[in-house]
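Beneath this line is the structure, given in structure tokens, with notes to follow.
Letters A, B, ... mirror the listed sequences (proteins, then strands); counts begin at 1.
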Amino acid sequence: MAEISLTFPDGTSRSFPAGVTPAEVAAGISGSLAKKAISATVSGTHWDMQWPITANASIAIHTMKDDAQALELIRHDCAHIMARAVQELWPGVKVTIGPVIENGFYYDFDREEPFTPEDLGAIEAKMREIINLRDPVTTEIWDRARAVRHYEDTNEPYKVELVGMIPEGQPIRMYWHGDWQDLCRGPHFQTTGQVPADAFKLMKVAGAYWRGESSRPMLQRIYGVAFRTRQDLKDHLTFLEEAEKRDHRRLGREMDLFHMQEEAPGQVFWHPNGWNIYTALQDYMRRQQNRNGYVEVNTPQVVDRRLWEASGHWEKYQEHMFVVEVDEEHAREKSINALKPMNCPCHVEIFKQGLKSYRELPLRMAEFGACNRYEPSGALHGIMRVRGFTQDDAHIFCREAHIEEETRRFIEMLSAVYRDLGFEEFKVKFSDRPEMRAGSDNVWDKAETALKNATDAAGYTYTLNPGEGAFYGPKLEFVLTDAIGRDWQCGTLQVDFVLPERLEAAYIAEDGAKHRPVMLHRAILGSFERFIGILIENFAGRLPFWLAPRQVVVASIVSDADAYVHEVTAALKAAGVRAEADTRNEKINYKVREHSVGKVPVILAIGQKEVENRTVSVRRLGQKQTEVMDLDTLVTGLRAEATPPDLR
RNA sequence: GCCGCAGUAGCUCAGUGGUAGAGCGCACCCUUGGUAAGGGUGAGGUCGGGAGUUCAAUCCUCCCCUGCGGCACCA
């Protein structure tokens, strides 16, 4: 029999007969390793203990101590065990796919009746039964015809389709535990009993399209989470509770920031507190834009369809536009308008006023542009995904030769803004030319190179999204990571060769002739609504002092202090601090609790002592101890804290 | 848009085929209390909208709206 050589992680090699399995290799090393082993990595591939190795390879044997591999097996086996549990409980339910996802797994089923929360409990119980059976897991490779026939015989049409999708030359692998069988690329545990029975939980059931396509049948997806230990599961559930406490919809209510109601779905009613955040952020962005050479404009909300037809939005974007029919009393015919979903066409119209010289380029035109888009109802989510929003939008009209420098300048501005707003790190994604595109390859070459060079020059690395660019040009996307590890794509810069052409924007160059400018669409926050939502969740409502909606509440302890409370409040307001007096007939405990829940960063308590000494007792949010200081010192200190970071 | 679930007082929620309840909040009164909920009294609801079944619907059925969780979407 042929021999192969396997190299171990410590660098040593040993010979084995070809076709040896990791299980046999482990047994050859020690009995205890054979018992503990769960899988192997063979030449970089996560390998089942029972798959034969037929060529020279590197090998590492894994035990439950190897995080990544253990979790993959646990979650993958959980998905299969869940599918088996479902089919045992409800024979006839059709199975589809069940992959591992972050923190867990899911499996999609085709079943007429919806699964209920009670069903999830029953499935969990059945899964524990299956785990306790400790059924050995076995695997075989089948040929395609046999697999197809098998799934036709067992009335599993989705599996038939999956078998058909497996590329030629890739093994069609079947797995069994007990009598239950599934098509699966593996690897899996050796027995169902290796799955920790107390460290998984089925979380929810939701609809999902077969193969992710909205034209295909809607399946029922059951999501679960799974870990190695009961404690890990508990920690995860605690984390979910913490995330829920940060939910901007909940904090928006608790902090009295905004509300939404069914008469205006997807649109925000900003309350005074929330609007304080909004204006503080907008004032800040306006200063940044001025400092970075932008001019600010403002353009109409309701615009005749002729402009949208010219820009191409009418054809490509109409289903997302709020169309407005204006039936003017004296007009001969109705005019059909749309609320602007984007600002770019209006900005081009401003650019087109008068003749522009090459000397005016690059022209950076910014607008806090209020846009309306008819988003699908299922997409709406608090203030994060809305139908009415305001972008920190700008368009840079320039020449091809400007793209690189403008991109570099933009990335610098964006990184300074993110840093000021509490996000030190961000990721850059670069999307290059899609299949369907406008413009010559030559122009795309130049634009893509310019974006890459500018990103390099600014000192950032990017990940490539091949073919994900817009049809009108390549784009950069900037992704923030929040305090609990979630990614948010906020900033973007897109090169556009098409719109200036469609709307016939031109400038006069050195040669005295008209030339087309290139447009760079760019945003840093994205929309104020969404970004404020992100800020709220990132800081769990405890915004940096300069952005806090109410920065200070001055609370009286006894009513004899009321006059001094109002004096302190007035002094703080005069110093530019958002301060409020609380002289209600309530105990200080009550006031402290209420304003703490409301995430007010500084609470001043004023009693008889403070009145007599002209001091204040300062309590910072989240701290138990208090500090007594004199009024002037406090005002000076808080004035500095209230100053936005760019003005310090 | 699709699948599922939900909608009862400002908020969180309980409840019933015979037109409703709690806690918090709110108003008023007592209380002037020293750093996360002092006490009392009271007001407050077309039970999301419409249609149907029924002697009778907040409750059962259907349609619609909105929200929630996913999916799809985010050019």
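- Contact annotation: side chain of A:Tyr209 to base of B:rG1, donor-acceptor pair present below 3.5 Å.
- To the nearest whole angstrom, the two C1' atoms, one in B:rG52 and one in B:rA57, are 11 Å apart.
- Between the P atom of B:rG49 and the CD atom of A:Glu262 lies a distance of 9 Å, rounded to the nearest Å.
- Along RNA chain B, the nucleotide nearest to A:Glu594 and the one nearest to A:Glu263 differ in position, and the one closer to the 5' end is contacted by A:Glu594.
- A salt bridge is absent between A:Asp582 and A:Arg550; no separation between the charged side-chain nitrogens and carboxylate oxygens falls under 4.0 Å.
- Atoms CG (A:Asn589) and C1' (B:rA36) sit 7 Å apart, rounded to a whole Å.
- Residue A:Trp488 contributes atom CH2, which lies 18 Å from atom P of B:rC74 at whole-angstrom precision.
- If you find the closest nucleotide of RNA chain B to A:Pro265 and to A:Gln623, the one lying nearer the 5' end belongs to A:Gln623.
- Aromatic pair A:Trp488/A:Phe423: ring centres not closer than 6.0 Å.
- The side chain of A:Ala206 sits closest to B:rG69 out of B:rC3, B:rG69, B:rG67.
- Salt-bridge formation is not detected for the pair A:Arg614/A:Asp632: no Lys NZ or Arg NE/NH1/NH2 atom is positioned less than 4.0 Å from an Asp or Glu carboxylate oxygen.
- Neither OP1 nor OP2 of B:rC2 sits under 4.0 Å from any side-chain N or O of A:Ser214.
- A:Arg221 comes within 4.0 angstrom of sugar-phosphate atoms only, judged by non-hydrogen atoms across all strands, and of no base.
- Regarding A:Trp210, its CH2 atom lies at a distance of 22 Å from the P atom of B:rG70, rounded to whole Å.
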Steps toward salt bridge (charged side-chain N to carboxylate O under 4.0 Å, His left out) verdict (A:Arg306, A:Glu309): CA-CA 5 Å; A:Arg306 287 193 309 258; A:Glu309 282 168 350; over 6 Å; no
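- Among the heavy atoms of the strands, none lies under 4.0 Å from A:His595.
- The separation of B:rU16 from B:rC73, taken at their P atoms, amounts to 43 Å, rounded to a whole angstrom.
- In the set B:rG1, B:rA37, B:rU12, the nucleotide with an atom closest to the side chain of A:Arg593 is B:rA37.
- Within a 6.0 Å sphere centred on CD of A:Gln623, heavy atoms belonging to other residues, nucleotides or ligands number more than 12.
- No N or O donor and acceptor, one from the side chain of A:Arg373 and one from the base of B:rC73, sit under 3.5 Å apart.
- Here A:Phe115 lies out of heavy-atom contact (under 4.0 Å) with every strand.
- Atom C1' of B:rG15 sits at a distance of 9 Å from the matching atom of B:rU8, rounded to the whole Å.
- Taking the C1' atoms as reference points, B:rA43 lies 29 Å from B:rA6, given to the whole Å.
- Comparing the P positions of B:rG23 and B:rG4 gives a spacing of 38 Å, expressed to the nearest Å.
- Within 4.0 Å (heavy atoms only), A:Glu112 reaches no atom of the nucleic acid at all.
- For A:His381, no side-chain nitrogen or oxygen approaches OP1 or OP2 of B:rG70 to under 4.0 Å.
- Here the P atom of nucleotide B:rG67 and the CE atom of A:Met260 are 8 Å apart, to the nearest Å.
- Put simply, A:Tyr374 has no side-chain N or O that comes within less than 4.0 Å of OP1 or OP2 on B:rC73.
- Contact annotation: A:Arg250 side-chain N/O to B:rU12 OP1/OP2 distance is not under 4.0 Å.
- Note on ring orientation: taking the six-membered ring where Trp is involved, the planes of A:Phe426 and A:Tyr418 are perpendicular (angle over 60°, cut-offs 30° and 60°).
- Closest non-hydrogen pair, A:Ala338 versus A:Trp314, comes out as CB-CZ3, 4.3 Å.
- No contact: A:Gln220 has no heavy atom under 4.0 Å from any strand.
- The nearest whole Å value for the distance from the NZ atom in A:Lys204 to the C1' atom in B:rG70 is 7 Å.
- A:Phe200 meets the ring-ring contact (aromatic ring centres under 6.0 Å, His included) test with no other residue; sequence neighbours excluded.
- For A:Met218, counting side-chain heavy atoms from C-beta on, the closest listed nucleotide (B:rG67, B:rC2, B:rU12) is B:rC2.
- Side-chain proximity of A:Val558 to B:rU32, B:rA36, B:rG70: nearest is B:rU32.
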Watson-Crick and G-U pairing of RNA chain B written in dot-bracket, each distance under 3.5 angstrom, with | for inter-strand partners: (((((((..((((....[..)))).(((((.......))))).....(((((..]....))))))))))))....
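- Regarding A:Glu213, its CD atom lies at a distance of 17 Å from the C1' atom of B:rC3, rounded to whole Å.
- Checking B:rG38, B:rA72, B:rA36 against every side-chain atom of A:Lys587, the shortest atom distance belongs to B:rG38.
- Taking atom C1' in both B:rC24 and B:rA36, one finds a spacing of 15 Å when rounded to whole Å.
- Base contact: A:Lys609 has a heavy atom under 4.0 Å from a base atom.
- Nucleotides B:rG44 and B:rG7 place their P atoms 25 Å apart, quoted to the nearest Å.
- Checking the phosphate oxygens (OP1, OP2) of B:rG25, a side-chain nitrogen or oxygen of A:Tyr590 falls inside 4.0 Å.
- With hydrogens and angles ignored, no donor-acceptor pair closer than 3.5 Å exists between the side chain of A:Arg211 and the base of B:rA72.
- Across all strands, A:Arg385 comes closer than 4.0 Å to base atoms (heavy-atom distances).
- Using a 4.0 Å heavy-atom criterion, one finds that A:Arg249 contacts the sugar-phosphate atoms exclusively.
- Rounded to the nearest Å, the gap between the P atom of B:rU19 and that of B:rC13 is 27 Å.
- Looking only at atom types and distance, the side chain of A:Thr481 has a donor-acceptor partner in the side chain of A:Asp487 under 3.5 Å away.
- For A:Pro376, whose side chain is taken as the heavy atoms from C-beta onward, the closest listed nucleotide among B:rG67, B:rG38, B:rG1 is B:rG1.
- Between A:Leu219 and A:Phe109, the closest heavy-atom pair is CB-O, 3.4 Å.
- Side-chain atoms of A:Ala379 lie closest to B:rA72 of the nucleotides B:rA72, B:rA36, B:rG34.
- Distance A:Arg584 CZ to B:rA37 P: 14 Å, rounded to the nearest Å.
- Listed nucleotides B:rU32, B:rA36, B:rG1 differ in distance to A:Arg619; the shortest reach to its side chain belongs to B:rA36.
- Under the 30°/60° scheme for interplanar angles, the aromatic rings of A:Phe528 and A:Phe368 are found to stand perpendicular.
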